[in-house]
Amino acid sequence: MLGLMQDWPLLVHKIIDHTALYHGDREVVTRSVEGPIERSNYRQIAARARNVSAALEARGIGLGDRVATLAWNTARHLEAWYGIAGIGAIYHTLNPRQFPDQIAWIANHAEDRALFFDIGFADIVARIAPSLQRVEFYVALTDRAHLPDVKIPNLVAYEDFIAGGSGDFSWRQFDEHTACGLCYTSGTTGNPKGVLYSHRSNTLLAMMACRADALGISARDAILPVVPMFHANAWGIAFAAPMAGAKLVMPGAKLDGASLCELFGGEKVTMTAAVPTVWQGVLNHLQETGKTLPHLQRVLIGGAACPRSMIETFEKKYGIEVIHGWGMTEMSPLGTLNTPTAKTAELPYEQRLDSKAGQGRPPFGVEMKIVDGNGRELPRDGVAVGRLKVRGPAVAKSYFRGEGSGAFDGEGWFDTADMGTLDADGMMAITDRAKDVIKSGGEWISSIEIENLAVGHPAVAEAAVIAVRHPKWGERPLLVAILKPGRTATKKDILDHLSGKIAKWWMPDEVVFVDDIPHSATGKIQKTALRERFADYRPPDAERTG
Ligand code: AMP
């Protein structure tokens with residue numbers, strides 16, 4: 001017997017409708033790419049999103065069409081997302097930090113029919129436009145006065161594009177499983193792969209994100225997503241903040257410590273989210289200026305492992321709670337969130353900090369297990385390290401066009417290619433990306449754990465641990481570090497700092513100080529590039545033991 005409750009499809013434009021009705025005055029503030037701070041609210045965002053829908057339909061865009069965006073976090077970008085989704089078309093976020101050729105490859109692979117872009121990216125668009133086979137028109141996210149003077153065919157200013165609308169377009173109705181958004185992963189092997197979110201997965205994701213033990217978003221919050229909308233579905237914030245009626249503060253193109261701190265203070269931001277490298281910039285700025293952030297209550301840190309020392313600085317020095325999170329583009333992206341349980345909240349502070357450095361627990365809606373090399377499930381004992389597999393309603397079941405099928409098994413599990421431990425309470429800790437693991441004498445060494453300890457040294461700004469070949473042990477860890485400006489440290493200082501905190505055989509054979517460590521377009525350390533740089537490196541005792 002079926003239940004007798006209503007079919008109420010989970011469509012993302014219902015989120016913007018809800019918030020326009022019940023939180024219509026709640027502000028959406030943008031540091032515009034043109035310069036000034038601009039103020040809008042959810043009522044206006046919803047009406048202008050309807051105008052985007054109307055304008056797209058007038059150009060023949062409809063159900064299933066991909067519409068690309070190449071833009072920072074702004075109110076206009078948000079309107080574009082909802083306007084594209086509201087007619088059953090698919091917002092496709094392009095990452096401007098990638099090389100123009102890669103961007104073009106991805107836009108062609110997705111067969112994007114239109115491209116919305118920030119004026120700051122006009123040169124990139126002009127360069128790739130001749131090779132974008134399917135794009136029929138371009139919308140510069142600005143007004144006519146700021147339209148860039150570049151050669152882009154069929155170009156229109158966003159304000160002109162939506163000018164004909166009267167804010168009363170009726171969203172199209174369709175099944176909640178309809179595709180809504182598309183985001184390509186950086187593609188660790190082979191070409192980038194498209195992750196295709198549905199209206200249902202995005203709506204469930206927003207509900208998951210709002211929970212008290214996730215991001216804990218409420219109508220009293222003011223949220224500044226530093227994480228760009230082009231990085232893994234904006235970590236769900238573009239849906240979760242309107243769903244809760246939280247104020248949104250969009251930082252535009254300026255993501256440096258000073259610019260962010262100005263917005264944190266000026267807009268009384270209570271919650272924010274970004275990768276660890278961004279927080280390094282913010283903490284440096286606070287340190288240099290002696291400023292504090294009295295309104296900021298919570299910081300979500302993910303995308304790469306958050307060092308324990310960073311959590312400690314935020315919490316002890318600035319009284320700001322850190323929520324360490326782990327996820328992936330393929331998971332919409334929320335996977336785990338580290339918020340206290342009744343058990344961990346009781347722990348002495350140092351142990352609580354240790355626990356917070358882990359990646360956290362899966363919320364309802366994420367199933368998780370670790371497996372060995374033969375796919376056998378490993379114990380949830382906090383010790384066994386295995387390959388992490390996940391499933392849930394906001395986890396990909398396939399990549400766009402069926403590529404990369406090897407990552408999905410017959411039981412619906414997605415192989416994350418991350419290695420980690422799980423404990424009996426569901427606490428997960430990442431030890432490494434599978435392709436980055438260091439196997440020394442047949443045993444695994446966690447590069448992430450050593451990196452996190454190394455950046456706890458007061459002179460170290462950033463650290464990466466990579467495997468280098470060794471004739472006896474197979475591989476040995478090499479620590480590559482950047483020192484903070486004006487600070488000095490020797491190999492011995494760093495190794496002394498690690499001593500006693502890790503097993504002796506985990507101790508890096510060498511510490512190399514460098515001026516830069518390469519990062520990917522989503523802020524991750526590019527270990528492949530580092531391994532190439534140090535390919536000819538031989539550990540000091542290689543000759544002796546070889
Ligand atoms: P992306 O799809 O670009 O968000 O990248 C996802 C990958 O980033 C994951 O598979 C992890 O390897 C890494 N990652 C994300 N968050 C964390 C974290 N908190 N700790 C360690 N690695 C992380």
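All values derive from a computational prediction rather than experimental measurement. Counting begins at 1 with the first residue of the sequence. All values below come from the heavy atoms of this structure, side chains included, with hydrogens, waters and symmetry mates left out.
A distance of 13.5 Å separates CG of Leu11 from CZ of Arg172, quoted to the nearest 0.5 Å. The structure places CG of Leu10 at 12.0 Å from CG of Leu205, a figure rounded to the nearest 0.5 Å. With rounding to the nearest 0.5 angstrom, the CH2 atom of Trp413 is 5.0 Å from the NZ atom of Lys369. Taking CG of Leu478 as the reference point, atom CZ of Arg469 lies at 13.0 Å (rounded to 0.5 Å). Going from atom OG1 of Thr69 over to atom CD1 of Ile84 covers 6.5 Å, rounded to the nearest 0.5 Å. Residue Ile61 holds its CD1 atom at 12.0 Å from OG of Ser53, rounded to the nearest 0.5 Å.
Within a 6.0 Å sphere centred on CZ of Arg134, heavy atoms belonging to other residues, nucleotides or ligands number 12 at most. Within 6.0 Å of NZ on Lys397 lie no more than 12 heavy atoms contributed by other residues, nucleotides or ligands. The number of heavy atoms from other shown groups lying within 6.0 Å of CG (Asp536) does not exceed 12.
Looking only at side-chain heavy atoms (C-beta outward), Asp213 and Leu337 stay at 4.5 Å or farther from each other. With contacts defined as side-chain heavy-atom distances shorter than 4.5 Å, the pair Pro518/Leu530 qualifies. At a threshold of 4.5 Å between non-hydrogen side-chain atoms, the residues Glu462 and His519 count as touching. Looking only at side-chain heavy atoms (C-beta outward), Val195 and Pro333 stay at 4.5 Å or farther from each other. Contact check for Val437 versus Val385: no side-chain heavy atoms found under the 4.5 Å cut-off. Contact check for Lys356 versus Glu321: side-chain heavy atoms found under the 4.5 Å cut-off. You'll find the side chain of Val366 stays beyond 4.5 Å of the side chain of Leu334, heavy atoms only. Two residues are said to be in side-chain contact when any heavy atoms from C-beta on lie closer than 4.5 Å; Val455 and Gln280 fail this criterion.
Here the side chain of Thr178 pairs a donor or acceptor atom with the backbone of Asp175 at under 3.5 angstrom. No donor-acceptor pair closer than 3.5 Å links the side chain of Ser198 to the backbone N or O of His177. Side chain of Arg59 to backbone of Glu136: no donor-acceptor contact under 3.5 angstrom is found. Judged purely by atom type and a 3.5 angstrom limit, Asn338 uses its side chain to pair as donor or acceptor with the backbone of Gly358. No donor-acceptor pair under 3.5 Å is formed between the side chain of Asn73 and the backbone N or O of Pro251. The main-chain N or O of Phe400 is never found under 3.5 Å from a side-chain atom of Lys193 such that the two would form a donor-acceptor pair. A donor-acceptor pair under 3.5 Å is formed between the side chain of Asn95 and the backbone N or O of Ala521. Side-chain atoms of Thr329 never come within 3.5 Å of backbone atoms of Thr185 as a donor-acceptor pair (strictly under, hydrogens ignored). Judged purely by atom type and a 3.5 angstrom limit, Asn108 uses its side chain to pair as donor or acceptor with the backbone of Ser131. Under a 3.5 Å cut-off, the side chain of His77 and the backbone N or O of Trp72 do form a donor-acceptor pair.
Taking the six-membered ring for Trp and the full ring otherwise, Tyr82 and Phe239 have centroids separated by under 6.0 Å. Ring centers of Tyr22 and Tyr42: at least 6.0 Å apart, outside the cut-off.
Taking the charged nitrogens against the carboxylate oxygens, Arg361 and Asp425 have no contact shorter than 4.0 Å, which rules out a salt bridge. Under a 4.0 Å N-O distance rule, the pair Arg533/Asp516 qualifies as a salt bridge. Residues Lys439 and Glu475 are not paired through a salt bridge, judged by the lack of any N-O separation under 4.0 Å between the basic side chain and the carboxylate. A salt bridge is defined here as a Lys NZ or Arg NE, NH1 or NH2 lying under 4.0 Å from an Asp or Glu carboxylate O, and Arg380 with Asp423 fails to meet this definition. For Lys14 and Glu176, the salt-bridge test fails: no basic side-chain N is under 4.0 Å from an acidic carboxylate O.
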May I have the step-by-step check of side chain to side chain contact (heavy atoms under 4.5 Å, CB included) for Ile502 and Met507, ending in yes or no?
-> CA-CA 7 Å; Ile502 51 173; Met507 207 50 106; 3.9 Å; yes
Does the pair Glu315 and Arg352 meet the rule for a salt bridge (Lys or Arg N to Asp or Glu O under 4.0 Å), with working shown?
-> CA-CA 12 Å; Glu315 299 201 344; Arg352 228 165 50 223; over 6 Å; no
For side chain to side chain contact (heavy atoms under 4.5 Å, CB included), just list the numbers for Asp118 and Phe116, CA-CA rounded to whole Å, side-chain angles, deciding distance to a tenth of an Å, and then say yes or no.
-> CA-CA 7 Å; Asp118 273 347; Phe116 288 58; over 6 Å; no
Are His470 and Ser440 close enough, and set up right, to give a side chain to side chain donor-acceptor pair (under 3.5 Å), and what steps lead you there?
-> CA-CA 9 Å; His470 190 284; Ser440 188; over 6 Å; no
Take Phe230 and Leu70 through the side chain to side chain contact (heavy atoms under 4.5 Å, CB included) test and state the conclusion after the steps.
-> CA-CA 8 Å; Phe230 56 75; Leu70 185 68; over 6 Å; no
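Under 3.5 Å, the side chains of Asn233 and Ser332 contain no donor-acceptor pair of N or O atoms. Side chain to side chain, Arg50 and Ser170 fail the donor-acceptor criterion of an N or O pair below 3.5 Å.
Using cut-offs of 30° and 60° for the angle between ring planes, the Phe174 and His13 rings count as perpendicular. In this pair, Tyr91 and Trp81 present their aromatic rings parallel. The plane angle is below 30°, not in the 30 to 60° band. Aromatic ring orientation, Tyr184 versus His92: tilted (interplanar angle from 30° to 60°). Ring orientation note: the planes of Trp171 and Phe169 are nearly perpendicular, at an angle over 60° on the 30°/60° scale. Between Phe314 and Trp279, the ring-plane angle classifies as perpendicular under the 30° and 60° cut-offs.
In terms of heavy-atom proximity, Ile370 sits nearest to Pro379 at CD1-O, 4.0 Å.
The only member of Asp415, Asp418, Asp409 that meets salt bridge (charged side-chain N to carboxylate O under 4.0 Å, His left out) when paired with Lys389 is Asp409.
At least one cation-pi condition fails for Arg211 and Phe364: the charged atom is not both under 6.0 angstrom from the six-membered ring centre and inside a 45 degree cone around its axis.
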